[in-house]
A.B. asks: 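Here it is, the structure in full.
The figures here come from the full heavy-atom set of this structure, side chains too, leaving out hydrogens, waters and symmetry mates. What you see is a predicted model, and the numbers here were worked out from it, not measured in a lab.
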Number of protein chains: 2
Amino acid sequence: MSAAEAETAARMFKALGDPVRLRLFSAVASHEGGEACVCDISDVGVSQPTVSHHLKKLKEAGLLTSERRGTWVYYRVEPSVLAAMGQLLAIPAAA
Amino acid sequence: MSAAEAETAARMFKALGDPVRLRLFSAVASHEGGEACVCDISDVGVSQPTVSHHLKKLKEAGLLTSERRGTWVYYRVEPSVLAAMGQLLAIPAAA
DNA sequence: AGGCTGGTTCGACGTGTGTCAACATGGACT
DNA sequence: AGTCCATGTTGACACACGTCGAACCAGCCT
């Protein structure tokens with residue numbers, strides 16, 4: 001594994017390396033229709049600005065995409081990135 | 001996903017959220033026999049104490065186990081933890 | 001015993017990260 | 001227009017993290 005590959009992949013793992021972000025990500029992923037508005041998932045024990053901050057981090061890492069529809073902002077998971085991470089873990093597991 | 005579950009899982013993702021650790025982990029996993037001694041994988045661009053520090057972090061996260069055999073210390077991946085992480089990513093990918 | 005090589009631990013330094021309160025933005029509704 | 005509500009942004013602070021050099025431990029070798 002090259003240094004550049006590691007840099008890219010580590011950014012994704014790092015994005016999930018926080019309990020709050022992991023719960024937010026899981027909440028979006030398991031929500032009906034694969035998308036959720038912020039108001040539905042902001043009960044994770046931290047203040048609302050902190051939720052927004054973490055969602056921004058997840059978006060920067062490429063794990064989520066956001067879209068504004070009227071008053072609310074909806075977040076959706078990016079399946080391709082998820083598959084890449086899963087494959088990265090599956091290879092050593094098979095060996 | 002509960003707060004306790006997120007805490008545990010986030011520790012594993014966080015452990016892989018560093019390029020150096022990701023390369024070390026990948027090197028151990030892809031090494032012959034599923035195990036590697038530190039001297040075989042310590043060419044990742046950082047000093048040797050730093051390598052030891054990161055290996056300790058991976059061990060604390062439950063991703064690696066270490067065993068001393070004579071002069072050398074061998075590290076090995078923990079397959080069960082790997083499978084748990086993969087499942088955590090596979091569930092949202094399928095939905 | 002004494003030295004040599006491989007690994008770990010310690011102490012310290014700079015940087016990054018998570019968190020919040022306060023403020024700004026942007027759309028809906030009257 | 002003007003107000004309200006849902007989000008995002010900014011600034012600031014404490015804490016954790018990555019990194020290194022130096023000191024320290026654990027086995028082999030002569």
A.B. asks: Whole angstroms only, please: what is the CD1-P distance between A:I41 and D:dA6?
C.D. replies: 15 Å
A.B. asks: In terms of hydrophobic clustering (I, L, V, M, F, W, Y; side-chain heavy atoms under 4.5 Å; direct or indirect links), are A:L82 and A:Y74 co-clustered?
C.D. replies: no
A.B. asks: Figure out the OH/P separation between B:Y74 and C:dG6, and round it to whole Å.
C.D. replies: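 Those two atoms, OH and P, are 12 Å apart.
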A.B. asks: Closest to the A:C39 side chain: C:dG7, C:dT19, D:dT7?
C.D. replies: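 Looking only at side-chain atoms, A:C39 lies closest to D:dT7.
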A.B. asks: Could you name each residue pair satisfying disulfide bond (SG atoms under 2.5 Å apart) that touches residues 5-75 of chain B, not counting sequence neighbours?
C.D. replies: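 Of all non-adjacent pairs touching residues 5-75 of chain B, those that pass disulfide bond (SG atoms under 2.5 Å apart) are B:C37-B:C39.
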A.B. asks: Give one of base, sugar-phosphate or nothing for B:K59, where a contact means two heavy atoms less than 4.0 Å apart.
C.D. replies: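 Nothing, no heavy atom under 4.0 Å.
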A.B. asks: Given C:dT8, is OP1 or OP2 found less than 4.0 Å from the side-chain N or O atoms of B:S52?
C.D. replies: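 True: B:S52 side-chain N/O within range (under 4.0 Å) of C:dT8 OP1/OP2.
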A.B. asks: Can you figure out which of C:dT19, D:dG18, D:dG21 approaches the side chain of A:T50 most closely?
C.D. replies: C:dT19
A.B. asks: Once you round it to whole Å, what is the distance between C1' of C:dT8 and CD of B:E67?
C.D. replies: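 Atom-to-atom, B:E67 to C:dT8, this comes out as 17 Å.
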A.B. asks: Nearest to the side chain of A:V73 - D:dG8, C:dT9, D:dC17?
C.D. replies: D:dG8
A.B. asks: Figure out the CZ/C1' separation between B:R68 and C:dT9, and round it to whole Å.
C.D. replies: 13 Å
A.B. asks: For A:T71 and C:dA28, is the shortest distance between a side-chain N/O and OP1 or OP2 below 4.0 Å?
C.D. replies: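 Checking C:dA28 against A:T71, no side-chain N or O comes under 4.0 Å of OP1 or OP2.
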A.B. asks: Write down the distance between CD (A:Q48) and P (D:dC5), rounded to a whole number of angstrom.
C.D. replies: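 So the CD-P distance, A:Q48 to D:dC5, works out to 14 Å.
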A.B. asks: Which listed nucleotide (C:dT19, D:dG18, D:dG21) is nearest to the side chain of A:H53?
C.D. replies: C:dT19
A.B. asks: What nucleic acid atoms does B:Y75 come within less than 4.0 Å of, heavy atoms only: base, sugar-phosphate, or nothing?
C.D. replies: sugar-phosphate
A.B. asks: Would one find a side-chain N or O of B:H54 under 4.0 angstrom from OP1 or OP2 of D:dT19?
C.D. replies: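 It does, given that an N or O in the side chain of B:H54 lies less than 4.0 Å from OP1 or OP2 of D:dT19.
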A.B. asks: Using side-chain heavy atoms (C-beta onward) and a distance below 4.5 Å, is B:V28 in contact with B:L24?
C.D. replies: no
A.B. asks: So does A:K14 get a side-chain nitrogen or oxygen closer than 4.0 Å to the phosphate oxygens (OP1/OP2) of D:dC17?
C.D. replies: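 So the side-chain polar atoms of A:K14 never come under 4.0 Å of the phosphate oxygens OP1 or OP2 of D:dC17.
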A.B. asks: On DNA chain C, does the nearest nucleotide to B:W72 precede the nearest nucleotide to A:P49 from the 5' side, or the other way round? Give the residue.
C.D. replies: B:W72
A.B. asks: Rounding to a whole Å, what distance do you find between A:E60:CD and C:dT17:P?
C.D. replies: 10 Å
A.B. asks: Find the distance A:K57:NZ to C:dT17:C1' and express it as a whole number of Å.
C.D. replies: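 Rounding to the nearest Å, NZ of A:K57 and C1' of C:dT17 are 6 Å apart.
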A.B. asks: A:E67: which residues meet the salt bridge (charged side-chain N to carboxylate O under 4.0 Å, His left out) condition with it, sequence neighbours left out?
C.D. replies: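 A:E67: salt bridge (charged side-chain N to carboxylate O under 4.0 Å, His left out) contacts with A:R69.
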A.B. asks: Identify which nucleotide among D:dG21, C:dA22, D:dT7 has an atom closest to any side-chain atom of A:C37, counting heavy atoms from C-beta outward.
C.D. replies: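 Among the listed nucleotides, the one closest to the side chain of A:C37 is D:dT7.
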A.B. asks: Using modelled atom types only, decide if a donor and an acceptor are shared between the side chain of B:T50 and the backbone of B:V46 within a distance under 3.5 Å.
C.D. replies: no
A.B. asks: With a non-hydrogen cut-off below 4.0 angstrom, is A:R21 in contact with a base, only sugar-phosphate, or nothing?
C.D. replies: sugar-phosphate
A.B. asks: What integer distance in Å separates A:L55:CG from D:dA6:P?
C.D. replies: 16 Å
